[in-house]
Amino acid sequence: MTIATELLLALVLSTACLVLIGAMDPKRRKSRRGAGNLHSLARAFMAAVSLVAGLWLWASGAYAYFLIWIGYYLTVGWVVALCLPTADSERHRR
């Protein structure tokens, strides 16, 4: 497997974990009156998995790809936080 393929897998895995963590956030789910909150241990596990994907790039010596991953990870984190509905956005729609 090439390092570019490892980068792609790390990006996909990190994105999936961040989206799931954001979608199952207890405060967001409560504001939408939804069920299915993730337990805090499950959220911590998914956060660790998403970080391990990038740390693997660093450990393998692909420092440039690690920097690409960390920039992507931070950007996706902000996009997930901004795009998912919150209690404030629900109040403004009424």
Which residues satisfy the side chain to side chain donor-acceptor pair (under 3.5 Å) test with T75, sequence neighbours excluded? none
Is it the case that one hydrophobic cluster holds both W56 and L9, taking links as side-chain heavy atoms less than 4.5 Å apart, direct or via other members? no
Hydrophobic cluster membership, with links at side-chain heavy-atom distances under 4.5 Å among I/L/V/M/F/W/Y: are L18 and V79 in one? no
Partners meeting side-chain contact (heavy atoms from CB on, under 4.5 Å) with W69 (sequence neighbours left out): L7, A10, L11, S14, L51, L57, F66, Y73
Heavy atoms of R43 and I21 approach each other most closely as O-CD1, 3.9 Å
Could you check Y72 against T15 for side-chain hydrogen bond (donor to acceptor under 3.5 Å, both in side chains), going step by step and ending with a plain yes or no? CA-CA 9 Å; Y72 179 85; T15 301; 2.9 Å; yes
Are I68 and Y63 grouped together when hydrophobic residues (ILVMFWY) are joined by side-chain heavy atoms under 4.5 angstrom apart? yes
Are L55 and I3 co-members of a hydrophobic cluster defined by side-chain heavy atoms under 4.5 Å apart? yes
In terms of heavy-atom contacts, T5 and T2 come closest through OG1-OG1, 2.8 Å
For V49, enumerate each residue passing the side-chain contact (heavy atoms from CB on, under 4.5 Å) test, keeping only those at least two apart in sequence or located in another chain. L13, C17, F45
Minimum heavy-atom separation for S50 to A47, with atom names? OG-O, 2.8 Å
